[in-house]
Amino acid sequence: MSTASLVSGTSFSMLENFSFRTIVEYLPLFGQGLVTTVWLSALSFAGALAVGIVLAAMSLQRGWLFRVPAKAYIDAVRATPLLAQLYFLYFGLPHLGFVLPELVVGILALSLNSGAYVAEIIRAGILSIPRGQVEAGVASGMTYVQRMRLVILPQAFKVTIPPLLGQAIVLVKDSALLSLISVSELTRAGQLLASDRFMPAEGFITIAAFYLLLYYGLKGLAALSGRWLGLQPARSST
Amino acid sequence: MTASPSKNGTGMIEFRGVNKWFGALNVLRDITLSVEPREVVVVCGPSGSGKSTLIRCINGLETIRDGDLVVDGQRLGDPATNMTRLRTEIGFVFQSFNLYPHRTALENVTLAPIHVRKIPRNEAEQAGRELLAKVGLADKVHAYPAQLSGGQQQRVAIARCLGMRPKIMLFDEPTSALDPEMISEVLDVMVAVAEEGMTMMVVTHEMGFARKVAQRVVFMDAGAIVESGTPEEFFSQPKTDRSRAFLSKILRH
Amino acid sequence: MIWQQLQSLVGSYPLALRGLGVTVVLSLISLVLGTLLGFGLGILRTGGNRLISAAIGAWVDLIRGTPFLVQIFLIFFILPEFGIELDAFTAGIIALTNLAACFICEIVVAGIRSVPTGQVEAALASGLSRWQRMRQVVLPQAMRIVLPPLVGQYVLLIKDSSVVSAIGLTDLTRVGWLVVQRVPNGLLVFFLVGLGYFIVCYPLIMLARRLERRMGAAHGEVQL
């Protein structure tokens, strides 16, 4: 359930005894954890994009019917911790009769959480397009959908890529929380090594290194996309 | 190439064989120049000729690669020279004013006197008010830079320099960023400062100003001093093709 | 049944209040320490010393690149191996302060870099020392850029404090976790937990937005 059980065991090995052998021994477990973290993050990010696009579209409406619920949802997500949201679903869904595997609950939580931030990024991207562009579209007789598809979105797409990659970095790091509902991802692998063999240093330093690998990968991608799109170096708020 | 070096190095500002590069670009070439106390020297030349770089070296906003630059008897780049102390003796007026936008005109003038010179606040403010009155801005003491016109901002900037009671004043194209109708109000203040006996180096194309107060005009091109002489000599009988070409361009207007 | 659950929840009210207290105190201490440290690091990072600057940059990247949960585990389980015994609360404060300092460092660096070089040159030309330039000229102008994301960072900090429940600290999230074992209505329990965070965080989010608008408007008034 939680890792509170780890608290009881104190001072194990000294760092001089840092055991690379055990790390190698556990490497398949770490590998599995890394793979799980990658694909569950990818899946969650896809979900977040879907949620985000819908929320952004809703929040840009003039009428309150869509706008107000979308904004309320975004604010509620932004003002509460992911962990509380995760527990809300984990302990709450069974209460409603949905008994889902932990992994599915985790992906759901990450998608719904990140979706709110993605919505803000997309909204800001669309609003960053100068009013004159909309007016030019109107002047040449385009409909709302045509203006969006032909004028606004292609331009907005460009400015949203770097912050979206920043959000992807946040999502990968956030996915570590799924270990607290026993999803066998990367952090869970570190916890297992820590608790099975009483080797927290080996376990947590190794997974930290793996996360850094993912971080630098995504960060490099963000920088690359920025250059590729001819933007300033990405300053994401990760 | 040589612009009347002083015989034994008693000048307020002494360049001796100064060179500077930006990467591969030789922006200052073998500069030798001496400015006497109370002298007013106007530096002109086409853009990119190195004239701004020249005066920015004097207070260490730029560093030199080789040669000697001695200001008020202190050699720049010498570990014994306290650059911060030396800068308090040199006022610098920027093309873009660079007033502190979060401080009023008076606060702009008193900031350095209070924090660097350690003058008591009320004394500094008294002096600051007098200086602002002197540049014709007695009624703008509490205005923020954003509330002032360009000409007014530049006059505050000059008052800010004078507040430090400098021995030398450097002006880097002080009127280039101004609307035409505001140029004379700034030049009038500069003339007044010059007439009080300040040692000045002024990068400007305002030839009227040069005629009025400059003892010497220095013409630069491609990082080198090409010509130097009194304003009369320079304007009536420019010696080189490059200075003639330059003068014909700026005097046409 | 829901009535019984509510009664049971009311019984947990003192525990919930204590949890909220722990969350607020933990966040507040880390916020103050993290801000001080973050400004210090940011100023050092933009200072002239390349070695210090690179070292801070590397550390910030290390912290930004790893999950906060992993950082807490590292501090809580590994520092004792160096003979530093920590309770969960102290470990939480160290982890949160460090996290906040790293993010605030980046915010401060961006703010300092946003100040035009002419401002520094003007201060330099009038003989202000390095610290005076920072204190009198650069920081006051940088604050316009720094303030909105700084408040946003405080919101993140309060939310991140929930992760400290993973090492057994009885904060608001941990209280929810404890209560839900007795009252098996996860929706209700964690709705209330969420509400607790919302009450603290939402005003800060509003403040950040307001600052952003105000600072954005002030931006246009700058000379030239």
Side-chain angles (χ1 to χ4, degrees), chain B residues 52 55-56 58-62 82-103 107-118 143-150 152-154 156-157 159-166 168-172 177-178, chain C residues 39 42-44 46-50 53 107-151 210-224:
Chain B
S52 286
I55 66 164
R56 285 166 63 87
I58 296 169
N59 74 342
L61 288 178
E62 308 281 353
N82 181 340
M83 210 50 224
T84 306
R85 169 111 23 105
L86 182 58
R87 283 188 179 118
T88 63
E89 310 292 344
I90 307 171
F92 196 101
V93 177
F94 297 86
Q95 178 179 355
S96 51
F97 330 134
N98 292 343
L99 290 184
Y100 309 128
H102 59 300
R103 291 184 176 263
E107 288 167 347
N108 264 278
V109 176
T110 57
L111 180 72
I114 290 171
H115 291 281
V116 180
R117 287 259 195 251
K118 309 289 180 201
Y144 281 91
Q147 298 165 319
L148 299 173
S149 73
Q152 291 170 330
Q153 288 192 51
Q154 193 60 299
V156 173
R160 177 170 73 174
C161 292
L162 292 173
M164 292 297 280
R165 310 204 179 290
I168 300 168
M169 287 275 281
L170 306 171
F171 295 80
D172 187 7
L178 298 178
Chain C
F39 268 82
I43 289 168
L44 279 176
T46 53
N49 192 319
R50 284 214 190 131
S53 184
I107 293 171
V108 170
V109 167
I112 289 175
R113 294 207 172 126
S114 76
V115 177
T117 47
Q119 289 293 315
V120 180
E121 288 186 347
L124 208 58
S126 51
L128 290 160
S129 68
R130 175 192 287 269
W131 172 241
Q132 287 170 332
R133 292 197 296 272
M134 204 31 98
R135 169 79 187 71
Q136 304 291 341
V137 176
V138 177
L139 279 184
Q141 297 183 61
M143 283 318 282
R144 199 185 59 218
I145 302 291
V146 167
L147 221 44
L150 186 66
V151 176
R210 196 145 147 209
L211 284 171
E212 209 163 334
R213 268 200 300 274
R214 167 122 38 103
M215 301 297 168
H219 199 77
E221 294 169 10
V222 177
Q223 56 165 349
L224 271 185

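First the proteins, then the strands, lettered A, B, ... as listed; each starts at 1.
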remark   = So, the part of Q132(C) with a heavy atom under 4.5 Å from chain B: the answer is side chain
[atom1] of [X] to [atom2] of [Y]: how many Å apart, nearest 0.5 Å?
| X | Y | atom1 | atom2 | result |
| --- | --- | --- | --- | --- |
| L128(C) | R87(B) | CG | CZ | 10.5 Å |
| R133(C) | Q119(C) | CZ | CD | 13.0 Å |
| I168(B) | F92(B) | CD1 | CZ | 12.0 Å |

Top of Q136(C), R130(C), Q141(C), R135(C) for chain B proximity - count of heavy-atom pairs under 4.5 angstrom = Q136(C)
ask   = Quick one: side chain to side chain contact (heavy atoms under 4.5 Å, CB included) partners of L86(B), sequence neighbours excluded?
value = V71(B), D72(B), Q74(B), L76(B), T81(B), M83(B), I90(B)
ask   = What residue in T88(B), N59(B), V116(B), L111(B) has the most heavy-atom pairs under 4.5 Å with chain C?
value = V116(B)
Structural part of R160(B) lying under 4.5 Å from a heavy atom of chain C = side chain
request  = Answer with side chain, backbone, both or neither: which region of R56(B) has an atom nearer than 4.5 Å to a non-hydrogen atom of chain C?
outcome  = side chain
inquiry  = Holding to side-chain hydrogen bond (donor to acceptor under 3.5 Å, both in side chains), I want the full list of residues that pass it with Q147(B), two or more places apart in sequence or in another chain.
reply    = none
